[in-house]
Amino acid sequence: MKLKWILPAALISFAVFFAVDTSHAVVLFEQTPNLDFMGHFSNSGSAIVADQFILPEKATLTGLRWYGYYVADLDPGVTSLDFQIRFYNEKSGLPDALLYETIVPASVVDSGLVFAAGKHAGKKVYEFTAGSIGPFEFSGGKTVWISISEADASTFLRGDTQWLWARSSNSLQLSARFNEFTPDDGWSVVPSGDFAFSLTVTPAPLNPAPPGS
């Protein structure tokens, strides 16, 4: 089974400014899936990968969407799977200190996209959504790394249940890889492009109602 673990609460920094209402979420950052580039395995308890992003100004995250596929397509009855989400500071071009970590039940839907390249051609690409993340505040203009890894107890680290995070590009943009079997090795560079995900925020109301109203 895929390993699940959470760091102490002291490492988690929340910015609780408002109640989360994902019905009015605004996209902060987005990298769409590219079906011509093979994804990368990212499964908790084994190898995981991370991608970097910069937000132009201070913002508070409340939701996350990402794309990926499995070695074997999921049973059509699967509607939710657990994923581990981590955010890191950057140091020397790689993930460094952990900022935030959680395991969330993500909704799973068939995106209608089909992977087109290599040995995984024909695999269904799934859209995963977690609308219960945070609220968590990011500083503007600062590089942050995000790692998304499949952590569901119903899937295994070997064989057809392995999950691959879909690529967004195959550019010179760097991503990073970490093997949880050999943690002392630390993060290493993966010079093979970006991954597909989007960050959302629910804005605070302009004129919030007074307490007790």
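Basis for what follows: all heavy atoms, side chains included, without hydrogens, waters or symmetry-related copies.
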One pair to check against side-chain contact (heavy atoms from CB on, under 4.5 Å): Val49 and Ile148. What are the steps and the verdict? CA-CA 7 Å; Val49 290; Ile148 301 176; over 6 Å; no
Evaluate the criterion side-chain contact (heavy atoms from CB on, under 4.5 Å) for residue pair Ser42 and Trp163; output intermediate values, then yes/no. CA-CA 6 Å; Ser42 190; Trp163 181 73; 3.9 Å; yes
Please test Leu99 against Phe136 for side-chain contact (heavy atoms from CB on, under 4.5 Å), starting from the C-alpha separation and ending with a verdict. CA-CA 10 Å; Leu99 297 172; Phe136 176 72; 3.9 Å; yes
List the steps, then state whether side-chain contact (heavy atoms from CB on, under 4.5 Å) holds for Glu150 with Asp152. CA-CA 6 Å; Glu150 211 263 35; Asp152 200 84; 3.7 Å; yes
Please evaluate residues Trp145 and Glu90 with respect to the criterion side-chain hydrogen bond (donor to acceptor under 3.5 Å, both in side chains), reporting the C-alpha separation (whole Å), side-chain torsions for both, the decisive distance (0.1 Å), and the verdict. CA-CA 7 Å; Trp145 287 82; Glu90 180 181 64; 3.3 Å; yes
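The structure places CZ of Phe83 at 11.5 Å from CD1 of Ile103, a figure rounded to the nearest 0.5 Å. Within the model, atoms CG of Asp194 and OG1 of Thr32 stand 10.0 Å from one another, a figure rounded to the nearest 0.5 Å. For the atom pair CZ (Phe115) and CG (Asn34), the distance works out to 8.5 Å, reported to the nearest 0.5 Å. In this structure, the separation between OG1 on Thr155 and CG on Asn43 is 7.0 Å, given to the nearest 0.5 Å. To the nearest 0.5 Å, the span separating OG on Ser149 from CG on Asp82 amounts to 11.0 Å. In this structure, CG on Leu94 lies 12.0 Å from OH on Tyr88, to the nearest 0.5 angstrom.
Using modelled atom types, one side-chain atom of Lys123 and one backbone atom of Val71 make a donor-acceptor pair closer than 3.5 Å. No donor-acceptor pair under 3.5 Å is formed between the side chain of Gln162 and the backbone N or O of Leu164. Using a distance-only test at 3.5 Å, with no hydrogens or angles considered, no donor-acceptor pair links the side chain of Tyr67 to the main chain of Leu113. In this structure, the side chain of Arg167 engages the main chain of Met38 through a donor-acceptor pair within 3.5 Å. Between the side chain of Tyr69 and the main chain of Gly39, a donor-acceptor pair closer than 3.5 Å is present. With Trp187 contributing its side chain and Asp96 its backbone, the two residues share no donor-acceptor pair below 3.5 Å.
Contact record, Leu61 with Thr200: CD1-O, 3.3 Å, taken as the closest heavy-atom pair. Residues Trp165 and Ala50 come closest through the heavy atom pair CZ3-CA, 4.3 Å. The two atoms that bring Gln84 and Ala151 nearest to each other are N-CB, 4.1 Å, heavy atoms only.
A distance below 6.0 Å separates the ring centres of Phe29 and Phe197.
Under the 4.5 Å side-chain criterion, counting only non-hydrogen atoms from C-beta, Ile85 is in contact with Trp66. Taking the side chain as every heavy atom from C-beta outward, Leu199 and Val27 never approach each other to under 4.5 Å. Residues Ser80 and Pro105 are in side-chain contact: their nearest non-hydrogen atoms beyond the backbone lie under 4.5 Å apart. A heavy-atom distance below 4.5 Å is not found between the side chains of Val144 and Ile146. At a threshold of 4.5 Å between non-hydrogen side-chain atoms, the residues Phe195 and His40 count as touching.
Leu64 and Val26 fall within the same hydrophobic cluster, where Ile, Leu, Val, Met, Phe, Trp and Tyr residues are linked whenever their side-chain heavy atoms come under 4.5 Å apart, directly or through other members.
Only one option out of Leu81, Asp73, Val109 pairs with Tyr126 in a side chain to side chain contact (heavy atoms under 4.5 Å, CB included); it is Asp73.
In the model, Thr143 has no side-chain atom that pairs as donor or acceptor with a side-chain atom of Gln52 under 3.5 Å. Using a 3.5 Å distance cut-off with no hydrogens or angles, the side chains of Thr129 and Arg65 do pair a donor with an acceptor.
Classification of the Phe53-Phe87 ring pair by plane angle, with boundaries at 30° and 60°, yields perpendicular.
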